[in-house]
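Because the structure is a prediction, the values reported are computed rather than measured.
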There are 4 protein chains.
Amino acid sequence: MLLQLDFSTTTPIYQQIRDQIVQGIAKGELKPGERLPTVRTLASECGINIMTASKAYQLLKQEGHTRGDRRGGTFVCKPEGDLSPDSSIIEALRLHLAELIVGGMSNEDVLTLCKHLLDDVSSQKNGSLL
Amino acid sequence: MLLQLDFSTTTPIYQQIRDQIVQGIAKGELKPGERLPTVRTLASECGINIMTASKAYQLLKQEGHTRGDRRGGTFVCKPEGDLSPDSSIIEALRLHLAELIVGGMSNEDVLTLCKHLLDDVSSQKNGSLL
Amino acid sequence: MLLQLDFSTTTPIYQQIRDQIVQGIAKGELKPGERLPTVRTLASECGINIMTASKAYQLLKQEGHTRGDRRGGTFVCKPEGDLSPDSSIIEALRLHLAELIVGGMSNEDVLTLCKHLLDDVSSQKNGSLL
Amino acid sequence: MLLQLDFSTTTPIYQQIRDQIVQGIAKGELKPGERLPTVRTLASECGINIMTASKAYQLLKQEGHTRGDRRGGTFVCKPEGDLSPDSSIIEALRLHLAELIVGGMSNEDVLTLCKHLLDDVSSQKNGSLL
DNA sequence: GTGGTCTAGACCACA
DNA sequence: GTGGTCTAGACCACG
């Protein structure tokens, strides 16, 4: 699980970390119960401030993607009760679909693109276990 | 074309304006050649500063969604040559799809959601009313 | 001598007119003594305001590229005494050359480009008379 | 790297800043990876508003001449893939060459002028001092 | 401390 | 009247 950080983008670093870990969970690269590196390790490996790494972990915990352990580690966990998709995600999705449409793609093109992205995003999760 | 601005979010106002206009173009509510309100009108209607409205228009122009006419006004214009969808949009899309998967939805659920959003987003453009 | 106006650019319309006429003179398409269309004709042909066309003509006259006639026409004329190239043009030239260098071109590439542009810009003037 | 601003011209201040930094990069006075002063420093040194300085930096970033680093600062960066020279620069160049021709210079004079300007503009970059 | 955002009010070039 | 520019001063997210 290697993080690819882009320091030139407008997306905050802590957000990039959080996003990539979420995608890792979706793909199945990070499995429930798995332990994440410590904030110190993560920070020194990525060349970022400890506060930044900490903020990313805070966010993940708050969202229910991870949970702390009594002895101090951070572990991936299955979120529960999150069955109603966050409306902000829906709105973001709606916007990005609109951007593709405006960019000249047809509805069909966009749908097949979504299908491919979905296959990519959830490959191991749905595939290796069947 | 009414804009819904949220002043409590971290998303800049000018970005919200830009996003909603892009969605308006995708939906077909704003048609190529149509004139947008002046920055002053928009600013006073939304209760924001002229510079904020101006910034939104500059963004749209720079992205090729609109075109300024020196003789006065800002007009929606057809995108051209943007056949390769911006990779940053793809990445954003990938992330949001992953979020839904992690949130507990199945691939099929996500796909039908996308389909519904697409129908919504491009309703008038593809002629569901014709 | 057809004018190509771009209403979407940041360059003022009157400036575009002036620029293209100057280039026409350089090329030899417009010869000293030749009569320019009236501001009214020009304005209606280009779909612009008379004031705009008038401003362009004013500028040309002021710079010595044209002169008025007692009976009311506007005629191309040779500028005199303008032998010291305007420093602002030199500065603009310096900037544009720098932009090409920064864009990745070598000094030689830029020079051959200049040579080609010069041949193009002064084709009839130096060519048809030899 | 001292900036010379002219507050009496119609050229926007932020554009003047941008132009001079581009020329600095072309000359090699500003090298890839070098850090630019902060917007605040630049603003106070030049006696201008922070937003004006900020706008210049945004322009440079957007054009790919510089790169922001979320960890602080703005840095000069190597242009990439900009192999096709911008047509608007070519057009501007064509115009300025035409102006010199109309001003009475011969093709040869213009070419030697370009050569001198090029030597000036890219002096350090091509190693006249090595 | 760094850049990004916003406001209120003003001036100017252009058409 | 239209958009573009600038100022002075303020607040905020990020690191």
Side-chain angles (χ1 to χ4, degrees), chain A residues 5 7-17 43 46-56, chain B residues 5 7-16 35-44 46-58 61 66-75, chain C residues 5 7-17 43 46-56 59, chain D residues 5 7-17 35-44 46-58 61 66-75:
Chain A
L5 301 182
F7 298 120
S8 307
T9 201
T10 62
T11 310
I13 296 176
Y14 77 88
Q15 180 84 40
Q16 294 183 43
I17 297 173
C46 296
I48 59 175
N49 194 303
I50 292 184
M51 296 299 295
T52 308
S54 175
K55 194 163 183 176
Chain B
L5 301 182
F7 296 101
S8 63
T9 205
T10 65
T11 308
I13 297 176
Y14 73 86
Q15 181 81 40
Q16 294 182 43
R35 179 176 181 169
L36 293 178
T38 68
V39 282
R40 280 173 177 76
T41 306
L42 182 65
S44 78
C46 296
I48 59 173
N49 189 280
I50 292 182
M51 290 211 55
T52 307
S54 178
K55 192 162 184 178
Y57 274 26
Q58 280 178 318
K61 202 187 300 180
T66 62
R67 181 178 58 75
D69 189 306
R70 293 204 71 84
R71 291 165 301 186
T74 302
F75 299 83
Chain C
L5 301 182
F7 298 120
S8 307
T9 200
T10 62
T11 309
I13 296 176
Y14 77 89
Q15 181 85 38
Q16 294 183 44
I17 297 173
C46 296
I48 60 175
N49 194 304
I50 292 184
M51 295 300 294
T52 307
S54 175
K55 193 162 185 176
L59 189 54
Chain D
L5 301 182
F7 297 101
S8 65
T9 205
T10 64
T11 308
I13 296 176
Y14 73 86
Q15 181 81 40
Q16 295 182 41
I17 296 173
R35 180 176 180 169
L36 293 178
T38 68
V39 282
R40 281 173 177 76
T41 306
L42 183 65
S44 77
C46 297
I48 59 173
N49 189 280
I50 292 182
M51 291 212 54
T52 307
S54 177
K55 193 162 184 178
Y57 274 24
Q58 279 178 319
K61 202 186 301 182
T66 62
R67 181 179 57 74
D69 189 306
R70 293 203 71 84
R71 290 164 301 184
T74 301
F75 298 84

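A search for side chain to side chain contact (heavy atoms under 4.5 Å, CB included) contacts involving S44(B) returns nothing, not counting sequence neighbours. With sequence neighbours left out, R35(D) forms a side chain to side chain donor-acceptor pair (under 3.5 Å) with no residue at all. When the side chain to side chain donor-acceptor pair (under 3.5 Å) test is applied to T74(D), no partner is found at least two apart in sequence or on another chain. Qualifying salt bridge (Lys or Arg N to Asp or Glu O under 4.0 Å) partners for R40(B), counting only residues two or more places apart in sequence or in other chains: none.
Residue G73(B) is in sugar-phosphate contact alone, with no base atom involved, counting any heavy-atom pair closer than 4.0 Å across all strands shown.
Here S54(D) does not reach the OP1 or OP2 of dG3(E): none of its side-chain N or O atoms lies under 4.0 Å away. Not one side-chain nitrogen or oxygen of T38(D) sits closer than 4.0 Å to the OP1 or OP2 atom of dG1(E).
D69(D) places a side-chain heavy atom less than 4.5 Å from the side chain of F75(D). Residues Q16(A) and T9(A) have side chains in contact (heavy-atom distance under 4.5 Å, counting atoms from C-beta outward).
One can place CG of D69(B) at 16 Å from C1' of dG4(F), the figure rounded to the nearest angstrom. Atom CD of Q58(B) is separated from atom C1' of dG4(E) by 15 Å (rounded to the nearest Å). Protein atom NZ of K61(B) is 14 Å distant from nucleotide atom P of dT2(F), rounded to whole Å.
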What is the per-nucleotide protein-contact pattern of nucleotides 8-15 of chain F, from the 5' end, where B denotes a base atom under 4.0 Å from a protein heavy atom, S denotes such proximity for sugar-phosphate atoms only, and - denotes neither? B-----SS
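Note: T10(A) OG1 to Q15(A) CD = 10.5 Å, rounded to the nearest 0.5 Å. Atom-to-atom distance recorded for L36(B):CG and T41(B):OG1 is 11.0 Å, nearest 0.5 angstrom.
Where DNA chain F pairs in unbroken runs of 3 or more (Watson-Crick or G-U, both distances under 3.5 Å), the stems are E:1-14 with F:1-14.
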